[in-house]
Amino acid sequence: MTVDPGTSAGTVADRLTRLRARIAAAESAAGRPPGSVRLLLATKTQDAETVRAALVADAGQPVLVGENRVQELVAKGPLFRDLHVPTHLIGPLQSNKVTAALRWASCIESVASLGLAQRLAARADGLEVYVQVNVSGEPTKHGVAPAQAVDLAGAVAALDGLRLGGFMTVGANSPDADVVRGGYALLRSIRDEVVAAGVPGARELSMGMSGDLELAIAEGATIVRVGSAVFGARPA
Ligand SMILES: *Cc1c(COP(=O)(O)O)cnc(C)c1O
């Protein structure tokens, strides 16, 4: 997804200020209260100094960080712990990396199978997890199919050791805003069905990135995950 150069110019601090304004404008346009959407900084490929500078520039506002790869989570984990910033794993988790993930992540957003949930539950005590849903059906994307998502969420919520906090998706890679927004609406309807079925704590909707966060906020995102709008384009 491309980012308007107008929003990617300037220092990290400038870009954070503009990003916070974008989120506030989208909350307002959707008729949602200020502060109803939390910002998660997607810090993949950024070194610890760059991330520290961003978190310091943003100090005083609620913020989360997310890493895609356990290796980077482990490398930057001590920094995030020192800065007291809640740290989410937002990329797929292999079973041989569960120990490291549990050590450094306060939430695993990428649970897409009951097997992984059971392995986490056996080792955790109240760990927050989200079920990741592949709303677009793109074969390159991680996540459970929408048709299986409600059942998986129910099974995860029933495990001792885990707390189902909500749902995560990576939006469709499409220039058509209606397609992208439709995927976010689908995640919201899955969440609503699970909450209505009796899992009241599962309210989070982690959806929307640099290029499409307005569409996600319009559909009820509670967390937007943003990288390039703050850190600049990643090398291809
Ligand atoms: C990189 C990444 C993001 C942030 O994407 P940007 O387009 O850089 O804002 C969000 N979610 C996941 C899972 C990512 O890997």
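As the structure lists them, so they are numbered: ligands from 1, and atoms in each ligand from 1.
The existence of a salt bridge linking E27 and R32 is excluded, since no basic side-chain nitrogen approaches an acidic carboxylate oxygen closer than 4.0 Å.
Contacts of S228 with ligand 1, taken as heavy-atom pairs under 4.0 Å, involve both backbone and side chain.
Annotation for ligand 1: atoms under 4.0 Å from non-hydrogen atoms of A42 are 3 (C), 4 (C). Taking every heavy atom of K44 and a limit of under 4.0 angstrom, the matching atoms of ligand 1 come to 1 (C), 2 (C), 3 (C), 14 (C), 15 (O). Atom numbering of ligand 1 starts at 1 in the shown order; those under 4.0 Å from a heavy atom of V226 are 9 (O).
At a 3.5 angstrom cut-off on N or O pairs, G227 counts as close to ligand 1.
A donor atom on one side chain and an acceptor atom on the other are found under 3.5 Å apart for T99 and R123. Q132 and S110 form no side-chain donor-acceptor contact under 3.5 Å, judged by distance and modelled atom types alone. Judged by distance alone, the side chains of D47 and T50 do bring a donor and an acceptor atom under 3.5 Å apart.
Atom 15 (O) of ligand 1 has its nearest heavy-atom neighbour, among T169, N68, D212, in N68.
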Intermediate values then yes/no, side chain to side chain contact (heavy atoms under 4.5 Å, CB included), D14 and T11: CA-CA 5 Å; D14 296 336; T11 65; 3.2 Å; yes
